[in-house]
Number of protein chains: 2
Amino acid sequence: MPSKLRALPIDIYFPMTLVCITAETEMTERIEISTQQIVERVWLSIAERRLRPGVQLKEEQLASIFDVSRARVRQALVALERDGLVTIIPNRGAFVCQPSVDDAKDVFHVRRCVERRVVERLCEANTKADLTRLRSHVAKERLANEKDMTTDIIKLSGGFHLLLAEIVGSDFLFGTMRDLIARTSLITAVYRNNNRFNCGPDEHAEIVEAIAKGDSEKAIRLMEHHLEHVESELDLNEIRRPSNDLRAALAFSA
Amino acid sequence: MPSKLRALPIDIYFPMTLVCITAETEMTERIEISTQQIVERVWLSIAERRLRPGVQLKEEQLASIFDVSRARVRQALVALERDGLVTIIPNRGAFVCQPSVDDAKDVFHVRRCVERRVVERLCEANTKADLTRLRSHVAKERLANEKDMTTDIIKLSGGFHLLLAEIVGSDFLFGTMRDLIARTSLITAVYRNNNRFNCGPDEHAEIVEAIAKGDSEKAIRLMEHHLEHVESELDLNEIRRPSNDLRAALAFSA
DNA sequence: GAGGGCATTATTGTAGACAATAATATAGGT
DNA sequence: ACCTATATTATTGTCTACAATAATGCCCTC
């Protein structure tokens, strides 16, 4: 939410490699992992549905998995709680949130409201550079979809909406979108009724072109339709059983 | 933002007494102060303008002032950073944020957008109990204003907007409003050009009555006018010099 | 006298040990 | 056999000491 966030490229928020060992150094030499990186790794694991709602994130377990101190894990958990992805119960621990059906509707309602405004502002004012960024992003999404790279698909489809907010230029809106997308990921992870992750690149492409033409009315309609589409793919009855294999869930998917 | 927040009464977020020693117990007996309480105390100090932007919040200093361990202070600082009130620079420390003029405009823009929607929804659906709560809140504001109780005025004037969001019933909106109000407090603390704190109770009362009548158009107009009024009282040129007397700033104002 | 490098100091960051708490298993009584 | 009280265990919460880092002041050189 603070300005420093927006200054960084989108990819920083969704890094793929986290515990990486450079080829030059010995295997024994380990790269320190930051709090933010722990947050993002858990974020991704939740979004990819490897970490199920209700699972307890035990501090010591996480500490040993990431090979950091418990203190840093604690910080990361506090941050995740603020993002609405985990719930911390005092003296009990941190658990992956189990968003209710009402929570889901709430999030989608706010998204409709906020993204409508985002698209509106974007139609009023946008540069060629903005459109280039958007189109290149959609192209990346297409590629990821074709190659069936799940991790990338998740990162990029959320990233599209984040990119829209970033281009608008409001730090606060950007932060809000970030929150909303994190929650949406959790919600789709819990309730989605098919194998598609979030939203497809085609609908994104249409929105971009509407923005390019400055057709505010059409862009808003497309965005609303797009969000309704995502919401409609949810099955709001099924409740899934959580598994507790943390290590497997946090492992690399590739 | 999580649901448990909304369940609590508003006052929990703005407690007056923090380090309190009950009359029955010995003075030596000290009541443990929680992380949340540290957050709120700093929050209030910033809102009351006793803690100026740019001031460094040194961990050890805070720890000794509140008589808690540094670990707990650290947690509080992380939380405050999430609220956008302080900036943490690694290996340097935590500083009270210095919102730029652009930040200020950004926050007010989003507030106009969000609160417009809140009022709109409130006009569509509200119960007698809701209106009673709102009116009684405004009454409290009036009282605080008459008696010139600065701390209460700050708490309550922010609390009014928070209450609106709470009644709407969206957890996410509520969380967003909480963020916005925290930032607004900081902004008005830095840039306001007179001695009035935030917004007066009269404009709030008008808004409540418009909602009571279900006059959505008027309510929205009043809210927009109200926010413009608050914004217009800001002097966006003056830059004030920060002082470093932490202990005095965190002391009770009364 | 000014600028740059070095030692000192202040502050944050980390780790590990300990205390407090809640969940679980166990034994005893009805 | 089942419920309850107690002991055990697992987990979180907290504190203290130490390491790493950045800012400050000093001295030396040009």
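Residue numbering restarts at 1 for every chain, and letters A, B, ... go by the order of the sequence lines.
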Could you pull out the protein-nucleic contacts involving nucleotides 5-9 of chain D (nitrogen or oxygen on both sides, under 3.5 Å)?
none

Rounded to the nearest angstrom, tell me the gap between atom CD1 in B:Ile88 and atom C1' in D:dA22. 17 Å
With sequence neighbours excluded, residues passing salt bridge (charged side-chain N to carboxylate O under 4.0 Å, His left out) with A:Asp130: none
For B:Glu59, salt bridge (charged side-chain N to carboxylate O under 4.0 Å, His left out) partners two or more places apart: B:Arg70, B:Arg74
Sequence neighbours left out, what passes side-chain contact (heavy atoms from CB on, under 4.5 Å) with A:Phe108? Give chain and number order. A:Arg112, A:Thr184, A:Ile187, A:Val230, A:Glu231, A:Leu234
Residues that B:Arg92 engages under salt bridge (charged side-chain N to carboxylate O under 4.0 Å, His left out), provided they are two or more places apart: none
Between C1' on D:dT14 and CD on B:Gln75, what's the gap in Å once rounded to a whole number? 10 Å
For the student: nearest non-hydrogen atoms of A:Trp43 and A:Ala182, plus distance: NE1-CB, 3.2 Å
Nearest whole angstrom, please: distance from the P of D:dC15 to the CG of B:Asp67. 10 Å
Would a distance-only check, ignoring hydrogens and angles, find a side-chain to backbone donor-acceptor pair under 3.5 Å from A:Asp103 to A:Ser100? yes
Under 3.5 Å between N/O atoms: give me all the protein pairs with nucleotides 9-12 of chain C, atom names plus distance.
unit_1 : atom_1 : unit_2  : atom_2 : d
C:dT11 : OP1    : B:Lys58 : NZ     : 2.6
C:dT12 : OP1    : B:Glu59 : N      : 3.3
C:dT12 : OP2    : B:Glu59 : N      : 3.2

Between the main-chain N or O of B:Leu156 and the side-chain N or O of B:His137, is there a donor-acceptor pair closer than 3.5 Å? yes
So, are B:Asp102 and B:Lys105 salt-bridged, with charged N and O less than 4.0 Å apart? no
